[in-house]
Amino acid sequence: MFVGVVETSRSDTGKEVPSARTRSSSAGRQGWLDALRGMAALVVVFEHSLDALFPEVRASAGPWFDFGQYGVLVFFLVSGYVVPVSLERRGSVGGFWINRVFRLYPLWLVAAAAGTVFGVEGVYTPLPEQLADDPGTAALAHLTMLQDLLQVTGVLNVFWTLSYEMVFYLLVTAMFTAGVHRFSATGMLAFAVAALTVGGLLPAGALSRGLGTTPVVVLTAAVLLAAAASLACGGRLRLYGTAAAAVLALVLLGVNSRIGAWQSLAILATMFAGTVFYRLDQGQVRWRRTGWLLGFVPVASIGAAWAFGPGWGMPDDQARAFTWGWTTAVAAAWATFLIARLLRHRTMPRLLVRLGLISYSVYLLHPLAVQVLRRLTMDPGRFPLAERLIMAVLLLAAVLGCAELTYRAVERPAQAMGRRLSRRSRAMPVPEAVPRRAA
């Protein structure tokens with residue numbers, strides 16, 4: 001989903017070593033990861049176009065496979081692979097967060113503003129009632145990017161994944177600050193075990209129900225602001241600030257997520273698994289010691305779905321479809337990532353690599369194009385298949401055209417500014433090496 005730049009990483013001795021990006025055959029970028037992003041972006045666009053264009057596909061494949069979950073799980077594996085390494089390469093949490101903010105927020109602001117206008121104008125669906133009734137709380141929740149864990153409806157449906165990306169950033173930042181960032185496998189296993197054992201017991205949305213949405217949102221924003229301020233400090237203040245943000249993220253993940261704790265925990269386990277794959281590829285951990293741990297993550301993710309189910313009061317047939325859809329999506333996402341990883345030294349198709357480069361724009365903007373399409377078609381059944389296929393091609397062309405434009409006009413300039421500011425920021429010394437390799 002996000003473009004992760006990784007040039008060098010640090011070994012356990014603190015020395016810089018060539019990264020997968022350096023060895024990539026795709027013009028200095030990790031081509032296989034970009035190709036995965038590009039493919040995942042196409043799958044998510046396809047998922048969100050089904051109701052507008054191909055309801056027969058939804059009816060036939062929907063009970064057995066969730067295209068959207070498959071796409072975002074691939075995104076999560078890729079983010080897990082590249083994001084922590086970007087932090088370690090810089091050796092500065094301040095520089096890392098400057099880069100992240102300029103990478104994510106400029107385009108996000110464009111998409112959020114457009115989504116709000118679309119909702120107010122009722123292009124297809126009206127602005128969610130919660131956002132219209134309390135715009136201040138909704139705006140503050142969105143600015144944290146944790147709105148899905150704050151029981152606030154996203155102005156665009158795809159914003160929910162950003163909440164889990166943000167939790168992951170907060171956790172890896174705290175781990176890096178504490179000098180335990182090499183223990184990715186431990187974190188991966190802990191989230192997987194928690195998903196399978198206690199995930200179904202943790203009540204979704206309990207914090208907001210007990211304290212109220214606004215107090216939880218304000219408290220979250222205050223903690224994040226304090227954590228951001230601590231990045232300008234040194235020593236214990238930085239450690240306490242990042243730790244507080246990480247603890248808050250874990251609490252929200254466990255007892256306040258919209259989708260339920262087991263699924264939230266499974267997502268975090270998946271992201272940490274991506275990090276472990278990177279460490280395997282860099283020789284920082286050994287397959288013999290970590291292979292079974294990696295294998296446990298998809299098994300636990302699937303097992304938790306069958307043990308706990310969606311937990312949203314769904315009718316039996318819908319709950320069964322959700323469980324099967326999640327199961328096959330997890331299996332397919334892992335298989336896709338593993339196959340791409342085996343092919344990582346090969347040159348990837350340039351079209352997919354380019355699509356991966358603009359995938360953040362594709363991901364955030366395509367719901368707007370789908371809303372316009374649904375407003376125009378309303379009832380897709382009245383159009384013959386040939387016409388709907390033409391509409392699908394036009395939809396994709398419009399999405400890619402807009403994504404290319406926003407990448408050039410918004411993303412790329414903002415990223416360049418973020419890199420300049422990041423270089424100027426005060427570097428934080430790299431933590432001392434962990435005395436033993438992570439298991």
Side-chain angles (χ1 to χ4, degrees), residues 1-7 37 75 78-80 82-115 139-150 152 154-156 158-177 181 217 220-233 237-238 241-242 244-246 248-249 252 271 357-361 363-365 406-428:
M1 189 183 311
F2 311 133
V3 181
V5 180
V6 182
E7 292 175 344
R37 288 191 189 95
F75 276 133
V78 172
S79 288
V82 301
V83 167
V85 186
S86 179
L87 171 57
E88 294 168 21
R89 174 178 62 83
R90 287 180 176 82
S92 165
V93 290
F96 168 79
W97 276 101
I98 290 172
N99 185 273
R100 286 289 104 186
V101 166
F102 279 88
R103 217 171 258 287
L104 303 182
Y105 274 93
L107 181 65
W108 176 89
L109 287 169
V110 172
L140 185 59
H142 276 73
L143 285 172
T144 68
M145 281 197 185
L146 291 171
Q147 72 286 331
D148 209 66
L149 302 176
L150 296 172
V152 173
V155 69
L156 288 178
V158 295
F159 279 4
W160 75 271
T161 60
L162 300 182
S163 295
Y164 293 90
E165 295 275 352
M166 187 59 68
V167 168
F168 186 61
Y169 297 163
L170 294 173
L171 293 179
V172 297
T173 298
M175 292 173 67
F176 181 85
T177 305
H181 49 289
V217 170
T220 298
V223 171
L224 294 183
L225 187 61
S230 76
L231 297 183
C233 306
L237 282 179
R238 181 187 287 128
T242 56
L248 173 67
L252 294 175
M271 297 181 81
L357 191 64
I358 64 172
S359 60
Y360 186 43
S361 283
Y363 186 78
L364 289 192
L365 298 181
T406 54
Y407 174 75
R408 293 173 182 270
V410 180
E411 283 195 79
R412 195 161 63 183
Q415 290 171 18
M417 183 179 294
R419 285 192 293 270
R420 288 195 297 269
L421 294 175
S422 178
R423 284 194 293 267
R424 295 174 187 172
S425 66
R426 180 171 58 88
M428 184 187 76

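Numbers here simply count residues along the sequence, with the first being 1.
The shortest heavy-atom contact between P413 and A409 is CG-O, 3.6 Å. Taking every heavy atom of both residues into account, P84 and G80 meet most closely at CD-O, 3.3 Å. Of all non-hydrogen atoms in M166 and T144, the two that sit nearest each other are CG-O, 3.8 Å.
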_Between Y363 and F75, does the ring-ring contact (aromatic ring centres under 6.0 Å, His included) criterion hold? Intermediate values first, please._
CA-CA 11 Å; Y363 186 78; F75 276 133; 5.7 Å; yes
*List the steps, then state whether side chain to side chain donor-acceptor pair (under 3.5 Å) holds for S361 with T406.*
CA-CA 7 Å; S361 283; T406 54; 2.9 Å; yes
*May I have the step-by-step check of side-chain contact (heavy atoms from CB on, under 4.5 Å) for V155 and Q147, ending in yes or no?*
CA-CA 10 Å; V155 69; Q147 72 286 331; over 6 Å; no
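Side-chain atoms of T242 and V93, non-hydrogen and from C-beta on, never get closer than 4.5 Å to each other. Counting only heavy atoms from C-beta outward, the side chains of Y407 and L107 never approach each other to under 4.5 Å. Considering only heavy atoms from C-beta on, L170 comes within 4.5 Å of L224 through its side chain. H142 places a side-chain heavy atom less than 4.5 Å from the side chain of V152.
Between R412 atom CZ and L357 atom CG the span is 8.5 Å, to the nearest 0.5 Å. For the atom pair OH of Y360 and CG of L104, the computed distance is 4.5 Å after rounding to the nearest 0.5 Å. The CG atom of L87 sits 7.5 Å away from the NE2 atom of H181 when rounded to the nearest 0.5 Å. Here the straight-line distance linking atom CZ of R103 with atom CZ of F96 works out to 10.0 Å at 0.5 Å rounding. One finds the OG1 atom of T173 at 10.0 Å from the CZ atom of R100 (value rounded to the nearest 0.5 Å). The CG atom of L109 sits 10.5 Å away from atom CG of L364, with the distance rounded to the nearest 0.5 Å.
Residues passing the side chain to side chain contact (heavy atoms under 4.5 Å, CB included) test with L421 are I98, F102, M417, R424, sequence neighbours excluded. Contacts of R408 classified as salt bridge (Lys or Arg N to Asp or Glu O under 4.0 Å), with partners at least two apart in sequence or in another chain: E404.
Looking at S422, its side chain never comes within 3.5 Å of a backbone N or O of R419 through a donor-acceptor pair.
Residues W108 and F159 place their aromatic rings such that the two centres sit under 6.0 Å apart.
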